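Encoded as structure tokens, the structure appears first; notes follow it.
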Protein chains: 2
Amino acid sequence: MNIKEVARLAKVSTATVSRTINGSDKVTPETAERVRKAIETLKFYPNTNARALGSGRSSLYGLIISDITNPFFPELVKSFEDIAVQYGQEVLIANTNYDPHRMEVCVSRMLQRKVDGVAIMTSEIAEHLIDEFNSRKIPLAFLDNATPQKGISNILVDYAAGIDAAVDHLISLGHKTIGFIAGPMSLASARIRKRAFINALKRNNLKLDLQFVEQGNHRTDGGHEAMSRLLDHKAHPTAVIASNDMTAIGAMGAVFERGLHIPQDISIVGFDDIELSAFTQPALTTVRLSRQEIAKLAFRALYNTYQTGATKGAEYTIQPTLVIRKSTGPKPAGKH
Amino acid sequence: MNIKEVARLAKVSTATVSRTINGSDKVTPETAERVRKAIETLKFYPNTNARALGSGRSSLYGLIISDITNPFFPELVKSFEDIAVQYGQEVLIANTNYDPHRMEVCVSRMLQRKVDGVAIMTSEIAEHLIDEFNSRKIPLAFLDNATPQKGISNILVDYAAGIDAAVDHLISLGHKTIGFIAGPMSLASARIRKRAFINALKRNNLKLDLQFVEQGNHRTDGGHEAMSRLLDHKAHPTAVIASNDMTAIGAMGAVFERGLHIPQDISIVGFDDIELSAFTQPALTTVRLSRQEIAKLAFRALYNTYQTGATKGAEYTIQPTLVIRKSTGPKPAGKH
DNA sequence: ATAGACATTGTAAGCGCTTCCATTTATGAT
DNA sequence: ATCATAAATGGAAGCGCTTACAATGTCTAT
């Protein structure tokens, strides 16, 4: 079953069938109708591989993530696909599994499939791999690229604004001693969040006690351990901000283990607003980072760059927003 | 950059380059080495579209799911990809968004990309769409296909065994009045789970009180409401089994709202063991349904069928296993 | 030295589309 | 009626591979 058979049945040339499929305006409505009917009766599905090969356009956009089982990504993937579908494009997903070596495999897949653009939503990528895309003029869009390059689009997140909102919220609840559980310092975004926290304290004239800035790893276990250490201090903070939600969830577990209550004894704030966060007990107050917005901006940047052949990438900044749920409350009376 | 340039640089024909890429044994090691070096220096990536078109094999396997943001699926997707990679195959993911109409789009994508097989992990699919695959001899693998057909592989889940294990566990903890929150009756698997629950009670000579068999919807809100209704009974069950984890999580929220404690006042058991379940407070005891096993069996069935050209599909049964965490405990003293 | 068998490599015809260019047909101005 | 112009359609080359088949080279047995 191919375009030739359709052409035969519709009594037109293959060129006309192709034009009909692609919605060219150079086909009379009657001819188009005849072709469409032929396609229908033959149950013909145009071969994507042949189309891509013939046209030189794959209509495929790559999306490289760390790991689909990491709760941060599913919503991002879904949003990216939704917007791609709106533009009549398809999506190729690849995950690195946090392994720089696997990034090569991901890039290779993208290159072999001749994608029209790639969104890279995970940090580590070697310079020479970026070059592969550049030399082939394949548009790239990064999330949080620390060292932006000409021609590459970049989605920046205003982490500072998000952290500020969290700190302000806690201050408005009367908290004066606020702790922080940082993410891995190898991650640029984690470093920025930590710094933003320190700056926010300064801005509000709260004293910064470095023993209340603990180190986590953006996973639950790290959050659990860091919070345990925080609680070991006789005068521990009455509120703690975690660098991401998984950390916050781990931290909550540590609080419960000590027989303390959230938010009566201690308030917790996360970052990201993963789906899980609405279902913790109590529901987690967190700084929402809209994956939908990230996906939309990234896709549009890629699409526009590909279509216009632009040589310089776009740059966007996303504002996270505070989502107040049940894990934050007034500073407990009698505490400092 | 194409195979021709590689051939020129390596001073061989394109056929030899192709053979080298595909690991044919009809190439002298020295020649192969020369070709490989040429590929390396030219940074050549073979065009997947051309390969598929030329060979008639796409080496692509489709995976149709409901929605990647549904916590049941990410692990399934990951496992499916992992096993596919092991076999040197690629994966095309499509989601229906629970919309039968979107299923047509998914099928269309699969057909256009000429996939070598499709795993359908979501229920509703119209008969005529199945025919499209059958007539093209594209292997199919279903999860829980209620009406199995010749030529189609089927992964069955022994839901009854899972529910039995949950009931036995609760009985061993002393519970005598056990409630159940069912899933949507439109779902075959939900119907089976409910029936299995009723049978398990019978088998253990526990009296079945139909007012303790509530209706949920496999989402948190349904679980919440159903549990609220259950708790309205003055003599409510001391343990409740939910048809899936999302339901169980919603139910837990309802319990907390009444100021009751889990598992001291009431025990809760879920089904599926989604990632979230290990992080609820308390961690959810649940019946684990291994998505990894499902994915492996489905992929292997498809791959084998495609390779051998077999006309009859395989059938497998998966045994779920009880995962005991913290949401179940001894029947509260003084209760019936 | 020579024929036959076998291993390696090359030639070229597809695979199923898209699209440039040529051709045909319709339209309108003169 | 006639010709220029535009619109619709067709012919065919090409996209980058794979692979059947042909050609070449090597080696052994005679």
Side-chain angles (χ1 to χ4, degrees), chain A residues 1-36 38-39 42-60 88 90 108-116 136-138, chain B residues 1-36 38-39 42-60 88 90 108-116 136:
Chain A
M1 179 50 43
N2 56 30
I3 211 174
K4 242 189 213 164
E5 297 191 40
V6 175
R8 175 146 29 97
L9 183 62
K11 300 197 192 310
V12 294
S13 68
T14 60
T16 299
V17 176
S18 174
R19 288 190 191 104
T20 307
I21 291 172
N22 293 294
S24 163
D25 49 344
K26 316 195 157 196
V27 184
T28 346
E30 299 83 62
T31 314
E33 192 46 39
R34 249 193 7 266
V35 172
R36 241 173 270 123
I39 289 175
L42 291 177
K43 299 199 182 305
F44 166 73
Y45 290 85
N47 185 321
T48 306
N49 297 313
R51 295 231 275 176
L53 191 56
S55 69
R57 275 174 274 107
S58 68
S59 300
L60 229 202
E90 287 199 87
S108 171
R109 283 185 59 197
M110 299 291 156
L111 261 15
Q112 299 192 181
R113 288 232 172 248
K114 310 297 169 191
V115 292
D116 290 346
R136 289 172 178 77
K137 309 229 176 302
I138 298 174
Chain B
M1 178 51 42
N2 56 30
I3 212 176
K4 241 189 212 166
E5 296 191 38
V6 175
R8 175 145 31 96
L9 183 62
K11 298 197 193 310
V12 294
S13 69
T14 61
T16 300
V17 175
S18 175
R19 288 190 190 102
T20 308
I21 291 172
N22 292 295
S24 162
D25 49 343
K26 315 196 157 193
V27 183
T28 348
E30 299 83 61
T31 314
E33 191 48 38
R34 241 183 26 256
V35 172
R36 242 174 269 122
I39 288 175
L42 291 178
K43 300 201 182 302
F44 166 73
Y45 290 83
N47 185 320
T48 306
N49 298 311
R51 295 232 275 176
L53 190 56
S55 69
R57 276 173 274 104
S58 68
S59 301
L60 229 202
E90 286 199 89
S108 171
R109 284 185 58 195
M110 299 292 157
L111 260 15
Q112 299 192 182
R113 288 233 173 247
K114 310 297 168 192
V115 293
D116 290 346
R136 289 172 177 78

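Just so we're on the same page: letters track the sequence lines, and every chain starts at 1. Keep in mind it's a predicted model, so treat the numbers as computed, not measured. These values consider heavy atoms only, across backbone and side chains, with no hydrogens, waters or symmetry-generated copies.
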To the nearest 10 degrees, the angle between the two end axes of the helix from C/dA1-D/dT30 to C/dT30-D/dA1 (five pairs per end) comes to 40°

Using whole Å, report how far CD1 of B/Ile3 lies from P of D/dT19.
11 Å

Provide, to the nearest angstrom, the distance between the CG atom belonging to B/Leu53 and the C1' atom belonging to D/dT18.
10 Å

Atom of A/Met1, atom of A/Phe44 and distance for their closest heavy-atom approach
CG-CD1, 3.8 Å

For B/Leu60 and A/Arg113, the nearest pair of non-hydrogen atoms, with its separation, is CG-NH2, 3.6 Å

Check: B/Thr14 side chain, B/Ile3 main-chain N or O, donor-acceptor pair, under 3.5 Å
no

Not counting sequence neighbours, list each pair that qualifies as a salt bridge (Lys or Arg N to Asp or Glu O under 4.0 Å) and has a residue in residues 42-60 of chain A.
A/Lys43-B/Glu132

For every nucleotide of nucleotides 4-13 of chain D, 5' to 3': is a protein heavy atom under 4.0 Å from its base (B), only from its sugar-phosphate (S), or from neither (-)?
----SBBBB-

Contact list (N/O, under 3.5 angstrom) for nucleotides 23-28 of chain D vs protein:
none

Taking the side chain as every heavy atom from C-beta outward, state whether A/Leu111 and A/Ser108 have any atom pair closer than 4.5 Å.
no

B/Asn2 (side chain) donor-acceptor with B/Lys4 (main chain) under 3.5 angstrom
yes

Pair up each side-chain donor or acceptor in residues 27-34 of chain B with any protein partner under 3.5 Å, not counting sequence neighbours, and list the distances.
| from | atom 1 | to | atom 2 | distance (Å) |
| --- | --- | --- | --- | --- |
| B/Thr28 | OG1 | B/Thr31 | OG1 | 3.1 |
| B/Glu33 | OE1 | B/Arg36 | NH1 | 2.9 |
| B/Arg34 | NE | B/Ala10 | O | 2.9 |
| B/Arg34 | NH2 | B/Ala10 | O | 3.1 |

For DNA chain C, which nucleotides open and close the run of contacts to chain B, 5' to 3', at under 4.0 angstrom from a non-hydrogen atom?
C/dT8 to C/dG16

